[in-house]
Amino acid sequence: MSRRRGVRLEHAILDAAWDLLGEVGYAKLTMEAVAARAGTSRPVIHRRWATRAQLAFAAVEHRAPVETDTPDTGSLRTDLLTLMERLVRRVNAVHGEVLAGIAAETARDPEAMHALRGRLAATTQGRHVTAIVQRAAERGEIPAVQLPARVARLPTDLVRNEVTLYGQPPDRKAIAEIVDRIILPAIREAPTPSR
């Protein structure tokens, strides 16, 4: 039997980490257990992911469901609600305890925090919000605006905040409240393009 290398080995490690996260949770996840499950060694894992938080986050990115298309329902509000519901589905697939554990550990580890910030900055959610707002402006639903990056990140940031602080993602009622009282007003207050 040939040794696994490259992408095949990486996928085996990430699949093992994902399975263990579901079975034992983040608090009991160990590099040794992941190595045993993946049929590799701890040093091999450490060469790719220096910390448990980095490995867990990579496993989440590898296995959590990602929907790449931007919602297009014909309504700004409904598009935002749809996007928020997708974010919640993704969080539910991961388990709030895992995300809270990763957040807590990265807060104590500057290197892991840097890696986490890099991965979060690369997410597509801000681009989805920007596209949703642009379509709404093209339909004449709102004036054209220059959407600040912080506003574009609001849906992701607010869902992550709910999970980290309260241990669970927002329900449908809370999502509607977030969209109506926070995200839509922030979009409507965004500056218009300078002429």
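It should be emphasised that the depicted structure is a prediction, and the values quoted were computed from it without experimental measurement. Side-chain atoms are counted along with the backbone in the values below, which use heavy atoms only and exclude waters and symmetry mates.
Counting heavy atoms from C-beta outward, Met84 and Ile183 have side chains that approach closer than 4.5 Å. Residues Val44 and Ile13 have side chains in contact (heavy-atom distance under 4.5 Å, counting atoms from C-beta outward). Looking only at side-chain heavy atoms (C-beta outward), Leu158 and Leu87 stay at 4.5 Å or farther from each other. Put simply, the side chain of Asp15 reaches to within 4.5 Å of the side chain of His62, judged on heavy atoms. At least one side-chain heavy atom of Pro170 sits under 4.5 Å from a side-chain heavy atom of Val88. The side-chain heavy atoms of Arg89 and Pro169, taken from C-beta on, include no pair separated by under 4.5 Å. Taking the side chain as every heavy atom from C-beta outward, Asp69 and His128 never approach each other to under 4.5 Å.
One distance of note links CZ of Arg135 with CZ of Arg139; it measures 8.0 Å at 0.5 Å rounding. For the atom pair CD1 of Ile187 and CD1 of Ile132, the computed distance is 8.0 Å after rounding to the nearest 0.5 Å. Between Leu80 atom CG and Leu184 atom CG the span is 5.5 Å, to the nearest 0.5 Å. Rounding to the nearest 0.5 Å gives a distance of 10.5 Å between CG of Leu147 and CZ of Arg153. Atom-to-atom distance recorded for Asp180:CG and Ile175:CD1 is 11.5 Å, nearest 0.5 angstrom. Here the CZ atom belonging to Arg181 is positioned 11.5 Å from the CD1 atom belonging to Ile178, to the nearest 0.5 angstrom.
With a 6.0 Å radius and a threshold of 12 heavy atoms from other residues, nucleotides or ligands, Glu138 has its CD atom above the threshold.
Ala186 and Leu154 get closest at one heavy-atom pair: CB-CD1, 3.9 Å. When all heavy atoms are compared, the tightest approach of Ala58 to Trp49 is CB-NE1, 3.3 Å. The heavy-atom pair separating Ala59 from Ala17 by the smallest distance is CB-CB, 3.8 Å. The heavy-atom pair separating Val151 from Val129 by the smallest distance is O-CG1, 4.5 Å. Shortest non-hydrogen contact noted between Thr70 and Ala131 is CG2-CB, 4.0 Å. The two residues Ala56 and Leu29 have their closest heavy-atom pair at CB-CD2, 4.2 Å.
Remark: Arg52 fails to qualify as a cation-pi partner of Phe57 under the 6.0 Å distance and 45° angle criteria applied to the six-membered ring.
Residues Glu141 and Arg77 are not paired through a salt bridge, judged by the lack of any N-O separation under 4.0 Å between the basic side chain and the carboxylate.
Residue pairs meeting the salt bridge (Lys or Arg N to Asp or Glu O under 4.0 Å) criterion with at least one member in residues 161-177, sequence neighbours excluded: Glu85-Arg172.
A side-chain contact (heavy atoms from CB on, under 4.5 Å) with Leu55 holds for exactly one of Val60, Leu21, Leu14; it is Leu14.
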Inset, instruction - Take Glu23 and Arg37, measure what side chain to side chain contact (heavy atoms under 4.5 Å, CB included) needs, and give me the verdict at the end. - result: CA-CA 12 Å; Glu23 291 169 20; Arg37 176 76 59 100; 2.8 Å; yes
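When the side-chain contact (heavy atoms from CB on, under 4.5 Å) test is applied to Thr73, the partners found at least two apart in sequence or on another chain are Ser75, Thr78, Asp79, Thr82.
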